[in-house]
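Attaching a single structure in structure tokens format; questions to follow.
Numbered from 1 within each chain, the chains take letters A, B, ... in sequence-line order. Just so we're clear, the structure is a prediction, and the values are computed from it rather than from any experiment.
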Amino acid sequence: MHINPLFFIPKPVLFLIFFSVLSVCKIVKDEAWALDLKALVRDVEQQYMGESSVSQTHMQVSTKNWQRNLEMQAWSLGRDFFLIRIIEPAKERDIATLKRNREVWNYLPKVDRIIKVPPSMMGGSWMGSHITNDDLVKANHIDEDYTLRLIEETELHFLIECLPKTDAAVVWGKIIYKVRKQPKVPELIAYFDESMQKVREIYFDDVQTIGERTIPLKLTVLPLDKPGEKTILFYREINYDVSLDEHFFTLRSLKQR
Amino acid sequence: MGQISFMSLIELHNITKIYRVGSQKVVALKNLSLVFERGDFAVLAGPSGSGKTTALNMIGGLDRPTSGQVLVNDLDLGKANLKRLADFRLHNIGFIFQSYNLIPVLTAAENAEFTLMLQKTPRHQRRERVLSLFADLGISGLEDRLPKDLSGGQQQRVAIARAIAANPRVILADEPTANLDSNTAEDLLSLMRQLNNSHGTTFVFSSHDDKVIRRAKRIIRLEDGLMVSDNSQNL
Amino acid sequence: MLFGLAYQNLWRNRRRTLLTMSAMVVSVSLLILALGIFSGMFKDMLASATEQYYGHLVMAKPDYHQRRDLYATLPDTILTLPTLQNPEILGRAPRLRSFGLVSWGQTSQPVELLGIQPLAEATVTSLHDQIVKGRFLEETDKNCLIIGWGLAEKLNVRPGDAVVFVTQAADGSIGNDLLTITGIFRTGDRRHDNNLVLAPLTWLQNLLVLPGRIHEVSMRIHNPMTASVLASRINAELNTEATILDWGELLPEMREVISAYDVSRMIVVIILYLATGLGILNTFFMSVMERTREFGILLAQGMRPWLIRQLVLLEAMILAIMSLIIGMFLGGLMTFYMDQVGIDLSKYITPVTYAGGTILPRLHAVFDLGNFLTPAIVLLMVSLAASYLPANRAAKLNPVVAIREE
Ligand SMILES: Nc1ncnc2c1ncn2[C@@H]1O[C@H](COP(=O)(O)OP(=O)(O)O)[C@@H](O)[C@H]1O
Ligand SMILES: [Mg+2]
């Protein structure tokens, strides 16, 4: 029995996850690598996250039962706020998700109601994609929950291993990051369950320079336990450091069309 | 069968009975040899502890001799198993005890017909037999009384009825008069003689009372487990 | 006459016999009552597991029970299959199942939503009898639902409130709709009271974009104990992609509970009877010792030792049977009371859910022939066993010694 309710998690979230995890490096205990990892993380984070962003994204979700394409618009401020709204398909137009700190809210225009995602449902998928609410909310706390270690450095890549701290209540048994050196962009994140079985991979590609930043515009989520299924996110447009403040990310603006 | 004389009903050959009481041996009977014929009316006389009860128990198959052989009606009691002995007693022996020993929860009639019941005699035949026996013994009308509602003499008569109901070949009575007053004892002995005469039932009883002993046709005297005399007399 | 003798012998020490007998009567009647309550609890558990949710038989795609795959659907025409018209089957309820969120105000709760046909559902499960507020669904209801009591508490809703249900439809889209609560049910089973909601089947089919599809047909049958036999019989005839599971397969723990129940029944019987058996043993030893002389007389008169043994055993049997008659009558009376009236414990304890079934907070007994036969047969055996030693002692008496005894 698996519960599959809607978990509305915006796509920029994924980038967010990535940054958050890398930021763990800031507190890494391994002295030898600490400086390098910290610098690395800062660098990559700098690339992705302005203080704020506005983007338009396409999401394609393929499962063995259906495939669907969504067009969405998203706003983000720091790591704690964002808002995303569906533009297409028409049937789901204006369905919107708001994340404020650790809370996630959805707006359903058909019934004109705002719904708060309960904590027990944070593990569910968002919009039927292969992304969960936890990916969003927990991401901000990965630096508290995991210990980072640089396990490999080649000419082209850094490979960083994240192991959960003994007392941390986390979903994953291990996370492995692969970061390209030039330009400094993420390439792959692999997620392992408690029995160290790889269960999910996220690939980043289509690296482009947008203004001063170099970022991968496309991101593919592969759930390894469901062969053939995937979620692809593609940034059509992204603008950084727009003028947004916390008041934009309220329940009221969630309802606004 | 049959290597022994046809007329003898009970034969005791060299019976010795030794009881062990702790580490001590009590010799209850010593080399006792006796033969009883059909129709005998014999008393085992002797003081208390002389071995009378032991001798009767040997004849009745209630106990086994330490050595020697007991033959009753050609059955070697020493060789019979418990079940065989029970059946032997049921069909051949009637016991009369000193203290009557009726079953307290059974009526007089039920006590009397008990052996018949064990022999699987049909109910109506049992009833008939009991009624005629009670008439013979002069206790008619007491059939449905419980033992506690009977006098000592009446109880002993019921005990006799019980002993003779199944027409046993031998009736063994261990001091049957000991608990009775002399008149009643007289009556009882007359009754026994009467049965001996009319039915030819063999009686072997014990007593240490001379008045009783005198009434027997044959007097066997025991002393300390030894037979000291065996006399027959005509009455 | 042996019987009469045995019976009479029993009353020679009236006080002792009555005492032993009352111990036997008490143990028999208490045992019958206890087993009746045991059975009542077990019946409640089975009923809660089957009549409150599963039904006795469930037809679905193989694996649906384990995986609850949204796409493992059957056409609703499967209801009319001739094999399902078996007269043993008393009711058939089509169901479509969805997992989603119910939301009211600031609160949302994950729920299991069953799309049902109200009339058909009422022939299989007893949820319609467990409405504590409002009413059960009706055939004409559209955007309506009934909701578990615990869930209603958590959401703070009452009949008349319109809640939102959100789930992912079969086409991947976000299915959401407003539903008006018509009633609140309370089963005592926390999992259902806290998680289950029921809505009209057609409405759910539309929401999930699964028109004409169902996940399962839940069935009620005449005798739940024959479910597995019936299931395999129908499965053999069934010629579709679906298979039928009986409640024993849906709730394997419940099947274990049945065997555990048989074992614990025996344990209770043994414990209660151990004391009774010792009482019988003591009584008969005393009674035999007191009658030593009498047994000697009986042996002297030519009663076979075996018959002596039989006499004592017969006494024990008569005592046991008399005790049984009274004990079964009293036990039956108490069971009847507990069946008709029972004792409500809901003030002191809450329902316990175990092995998929719920033990309700009440003492309630049911009649079950086995609950009378077991104590009866075991008491007879205990009496025989307990009186065997004394009987043997009586049979093995040496008549000479016995008669000498004063
Ligand atoms: N079962 C027994 N155990 C030990 N000694 C016994 C037993 N029966 C009899 N005796 C002893 O054997 C002797 C003969 O006893 P018994 O035959 O009873 O004599 P009577 O009947 O003539 O009084 C007595 O000394 C008696 O104490
Ligand atoms: Mg004597």
For Arg16(C), does the CZ atom sit with more than 12 other heavy atoms under 6.0 Å from it, leaving out its own atoms?
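Yes, enclosed.
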Could you walk me through whether Asp87(B) and Arg304(C) satisfy the salt bridge (charged side-chain N to carboxylate O under 4.0 Å, His left out) test, starting with their C-alpha distance in whole Å, then the side-chain angles of each, then the deciding distance to 0.1 Å, before giving a yes or no?
CA-CA 7 Å; Asp87(B) 288 350; Arg304(C) 289 184 187 172; 2.8 Å; yes
Salt bridge (charged side-chain N to carboxylate O under 4.0 Å, His left out) partners for Glu110(B), two or more places apart
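By the salt bridge (charged side-chain N to carboxylate O under 4.0 Å, His left out) rule, Glu110(B) matches no residue at all.
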Tell me, side chain or backbone of Leu62(B) under 4.5 Å from chain C's heavy atoms, or both, or neither?
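Both parts, heavy atoms under 4.5 Å.
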Measure distances from Asn101(B) to the heavy atoms of chain C and classify the residue's part below 4.5 Å as side chain, backbone, both or neither.
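Both parts, backbone and side chain.
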On the 0 to 90° scale, with breaks at 30° and 60°, tag the Phe372(C)-Phe367(C) ring pair as parallel, tilted or perpendicular.
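The arrangement is parallel - the two ring planes meet at less than 30°.
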Checking Arg12(C) against chain B: side chain, backbone, both or neither under 4.5 Å from a heavy atom?
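Contact with chain B: side chain only.
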Taking atom CG of Asp339(C) and atom CD1 of Ile37(C), what is their separation to the nearest 0.5 Å?
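Between atom CG of Asp339(C) and atom CD1 of Ile37(C) there are 11.0 Å.
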Assess the residue pair Arg127(B) and Asp144(B) against the criterion (salt bridge (charged side-chain N to carboxylate O under 4.0 Å, His left out)); give the C-alpha distance rounded to whole Å, side-chain angles, the decisive distance to 0.1 Å, and a yes or no.
CA-CA 12 Å; Arg127(B) 199 68 196 172; Asp144(B) 294 328; 3.5 Å; yes
So which of Pro399(C), Gly4(C), Ala300(C) has the largest heavy-atom pair count under 4.5 angstrom toward chain B?
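Most heavy-atom pairs under 4.5 Å with chain B: Ala300(C).
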Sort out for me which of Leu299(C), Asn398(C), Leu307(C) touches chain B most, counting heavy-atom pairs under 4.5 Å.
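With the most close heavy-atom pairs to chain B, the winner is Leu299(C).
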So which part of Phe97(B) gets closer than 4.5 Å to some heavy atom of chain C, the side chain, the backbone, both or neither?
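For Phe97(B), the contact with chain C is made by the side chain alone.
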Using heavy-atom distances under 4.5 Å, tell me whether Arg84(B) contacts chain C through its side chain, its backbone, both, or neither.
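Contact with chain C: none, neither part.
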